[in-house]
Protein chains: 2
Amino acid sequence: MSLSIKDIARLSGVSTATVSRTLSHPERVSETTREAVMAVVDQHGYRVNSMARNLRRQRADSVLAIVPDLGNPFFSAIFAGLQETFSAQGTDLLVTDSRSALRGGQSLLSHLREARVDGLVCLDGGLPQAARAELKAPDIASRVVFACEWLVEGGFPSVRSDNRAGMRLAVDHLVELGHRDIAYLAGPEGNVLDTERRAGVVDAMAAHGLALPAVQFGRNDFSLEAGRAAAEDFISLPARPTAVICASDQLAVGFASGLHARGLRVPDDVSLVGFDDIQTAEFVIPPLTTIRQDRMRLGAQAAGLLLRQIAGAACPADKVITLPVSLQIRGSTCPPGRD
Amino acid sequence: MSLSIKDIARLSGVSTATVSRTLSHPERVSETTREAVMAVVDQHGYRVNSMARNLRRQRADSVLAIVPDLGNPFFSAIFAGLQETFSAQGTDLLVTDSRSALRGGQSLLSHLREARVDGLVCLDGGLPQAARAELKAPDIASRVVFACEWLVEGGFPSVRSDNRAGMRLAVDHLVELGHRDIAYLAGPEGNVLDTERRAGVVDAMAAHGLALPAVQFGRNDFSLEAGRAAAEDFISLPARPTAVICASDQLAVGFASGLHARGLRVPDDVSLVGFDDIQTAEFVIPPLTTIRQDRMRLGAQAAGLLLRQIAGAACPADKVITLPVSLQIRGSTCPPGRD
DNA sequence: TTGAAAGCGTTACCAG
DNA sequence: CTGGTAACGCTTTCAA
C-alpha cells in the first residue's frame, strides 16, 4: 500500500497536523519543519488521498458535464473549453450523456446527491420534465449552469451563443447577394436552439420585408442524415428557394450531399449557410459559409461561471452570458440565378 | 445539510450498520427491517455519501481517460463507447487531455496516486518518456490500458483496430481498380498508427509487386489542415500517383479540399482512400472510400478490459485485442485515367 | 509554531 | 439477523 499521512509524520518526526499544514498551508509552518517534511514527502513520493481530504473538506473538486449524446463530435470543442478552465482550477471533469445518466429511472442528480461532484454543467436543453423539476431543488439549482443549450422555462444561469444575431448575419448576407426566396432547414422541433435560430431568421427577413416560405422542411435533428433526408423534400418543393439557411453545419453538409446526389449544385443552384462553424465546414466542397460560434470559449465561460457558483458567488438564476458570433463567408453562397 | 446514515438509523430505529447493510447487501437483512429502512430512505430521499463510502471501500468507482486533444472530434465516438460500458458498471468517466494532465510538470498519475480514480485508459501513444516510465510502476501498470493508440515499446494491454488489415483492404481495392502508382499520405512521424498503417500499405503493395514512390508527403499530423497542405506538395510531384491512401479521414478530406482548390478532381484525377470512417466521410463530396474502424466498440472493449483489470483479473501485460475493420467503398475511388 | 484529538459518513468485523 | 465499534486518511479547531 501507499504511505499515509501518519507515515510521513512519523518519518519526519512531527505530528500529522503539521504534515497536513505543510501540504495545504505551507505558510503556517516554520521554514525548517516545512523543509524537513517536504524532504520526506518527496523522497517517498507521498500524495494526499483525495477521498479522505474531500470527505473532510466536504467537496469533490469535480464537476459533471451532461450532453445529449457523447458520440456527437460537436461537443468536443466545448469539452476542451470546459476542461481547460476546470483543470486550471484543480477541478476534475466527468462526462456522461443524458441517456446513461437517466437510465433505469436514475436521477440526474445522483452524482450531486451522492457528493461525487460539486456541480453540473448541462448541455442538454431537452431534458424530460422529471429531470428538470429535480434540478430546481433549492440546494441543487445553485450548482448547475447550462451551456450552449438551455431550458426554455429558464431558472438557471447559462452561457450561449448569440443565435439570433447569427441568423441576422446569415440573412443579411444572402439578401445582400440578391436572394429573396430563402428557406430555413429546421432542427429538431422544440429544441431551444432551433426555436431561437428560426426566430432569428424570421425577424431578419421581416426587416427586409421578406418572409419564409409556408412549407417547412427539416424538423428531425441536427444531424448529417437529417440534412440529407431534407434534400429529398427540398427537391420536390413546388417553387424552389434560391438559398437555404440551415439550423446547423451538420444539417448543411448532409443537405449539400443530398442535393449533390440529385444533381443540384451548391452554390450555383442553391446557396447554403450553416451554423456552428464546425471544423470540417472549411474543408467540404464547396467550403461552407456559416455562422461561427466559439465553442471552446463557450465551454470555458460555462466552467468559470460554475466554479464561481460553487465558490458561493451569488448569481441571479436567470443570468445569461451571450457570446458573439460571426459570419464566415466561404464558397457555398453566391448571387442567385448564376447558372 | 443532507441526512447521513446516522439520521436514517435513528429515524428507522436500527443501527447504522443495519442501514448500511440494507443499502449495500439487502439480502443480509430481514425483509421487515429492510422495508422499514427503505421506507425512511425513500421518504427522505437519502443517498449514501460516495466520498465516505469510497474512502472506506478504498476505491473510487471512477476512471480517467486521457486523450491527446479533447477538442479533436475523432474521440467522441470512443468516449461514447467507454461511457456506455463504464456507466453500466457504475463507474464514472473522467476525461482530460495529455497537455492539461502534464501541465506544470504534473504527473500523469496524480489521479491514480491520489486515489481519485481506479484506473486509466490512455488514448495517447505519444506520451513523453517521463510519463511512460511512470506508468510502468508495478502498482500502476496493472491499472492502465491503452485504446486506439498504444506504446511502441509495449508493456500494457491495449485495444486497437486492425490497422494493417485495413490498409491491405485499401491497397487491394485500388489495385483491383487498376491503380499501380499509389502514394501514402502520412500522419505524424513516429505515431504508432502511422507506422502501422504505412507498414500495412507497404506490405500489401509488395504482395502485388508494387512499391510506394520514394517521395514522401504528409508527416505533420492527422488533421484537415495537414491534408490540405499536403495537396500542395502532391501537385508539384514530378510523376503524380493515380491514387492516394491517407493515414486518416481528416487528412483525406483536407487533401481533397486542397486538390479541389487547385483544380484537381477526386476521383477523376486522383482516387482517395481514408482511414477511420468518421461520420462525415459518407457526406463529403464525393463520399469518401475508407476503412471503417468501430470506435464505439473500441471504447467499450477498452472499458471492459480495464474494469476486469481493476477487479483483479490477471491479464498479460502485452495482451492486445485487435478489432476488425472493413472497407467502405464510396465515391472517392475509381479506375485510374478516367478523364 | 506545534500537537492532540475530534470528526467527515461509511463499511465490515466481531459478538451476541 | 442485528448492533457496537473500529477503522478509512485527512483537516481543523483548540490548547499549549
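Throughout, a chain's letter reflects where its sequence line sits, starting with A, and its residues are numbered from 1.
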Inset, instruction - Using only side-chain N and O atoms of Thr33(A), determine if any of them is under 4.0 Å from OP1 or OP2 of dT2(C). - result: yes
Legend entry - Short side-chain N/O contact to dG9(C) OP1/OP2 from Tyr46(B), under 4.0 Å: no
Inset, instruction - State which residues pass side chain to side chain donor-acceptor pair (under 3.5 Å) with Gln43(B); sequence neighbours excluded, sorted by chain then number. - result: none
Legend entry - Integer-rounded Å distance: dT11(D) C1' and Leu55(B) CG: 13 Å
Legend entry - Within residues 11-27 of chain A: residues closer than 4.0 Å to DNA chain C (heavy atoms): Val14(A), Ser15(A), Ala17(A), Thr18(A), Arg21(A)
Inset, instruction - Using a cut-off of strictly less than 4.0 Å between a heavy atom of the residue and any atom of DNA chain D, enumerate the qualifying residues of residues 111-118 of chain A by number. - result: none
Legend entry - Summary of ring pair (Phe, Tyr, Trp, His ring centres under 6.0 Å) pairs that have at least one residue in residues 17-71 of chain B, sequence neighbours excluded: none
Inset, instruction - Please work out which of the three classes, parallel, tilted or perpendicular, describes the rings of Phe146(B) and Phe156(B), given edges at 30° and 60°. - result: tilted
Inset, instruction - Grab the CZ-P distance between Arg34(B) and dC1(D) for me, whole Å please. - result: 9 Å
Legend entry - Integer-rounded Å distance: dG9(D) P and Asp7(A) CG: 9 Å
Inset, instruction - In whole angstrom, give the distance that lies between atom CD of Glu31(B) and atom P of dT2(D). - result: 11 Å
Tell me which donor-acceptor pairs under 3.5 Å the side chains of residues 297-313 of chain A have, and how far apart each pair is, sequence neighbours excluded?
| unit_1 | atom_1 | unit_2 | atom_2 | d |
| --- | --- | --- | --- | --- |
| Arg308(A) | NE | Gly304(A) | O | 3.4 |
| Gln309(A) | NE2 | Ser142(A) | O | 3.4 |

Legend entry - For atom CD of Gln58(A) and atom C1' of dT12(D), their distance in whole Å: 13 Å
Inset, instruction - Decide yes or no, distance alone: a donor-acceptor N/O pair under 3.5 angstrom between the base of dT11(C) and the side-chain of Arg56(B). - result: yes
Inset, instruction - Take atom CD1 of Ile8(B) and atom C1' of dT10(C), then tell me their distance rounded to the nearest Å. - result: 13 Å
Legend entry - Glu31(B) atom CD, over 12 foreign heavy atoms within 6.0 Å: no
Inset, instruction - Determine to 10° how strongly the helix from dT1(C)-dA16(D) to dG16(C)-dC1(D) is bent, judged from the axes of its five-pair ends. - result: 40°
Legend entry - Donor-acceptor contact present, side-chain Arg295(A) to main-chain Phe74(A), <3.5 Å: yes
Legend entry - Atom-to-atom span, CD1 of Ile5(A) to C1' of dA6(C) - whole angstrom: 15 Å
Legend entry - For atom CZ of Arg57(A) and atom C1' of dT13(D), their distance in whole Å: 15 Å
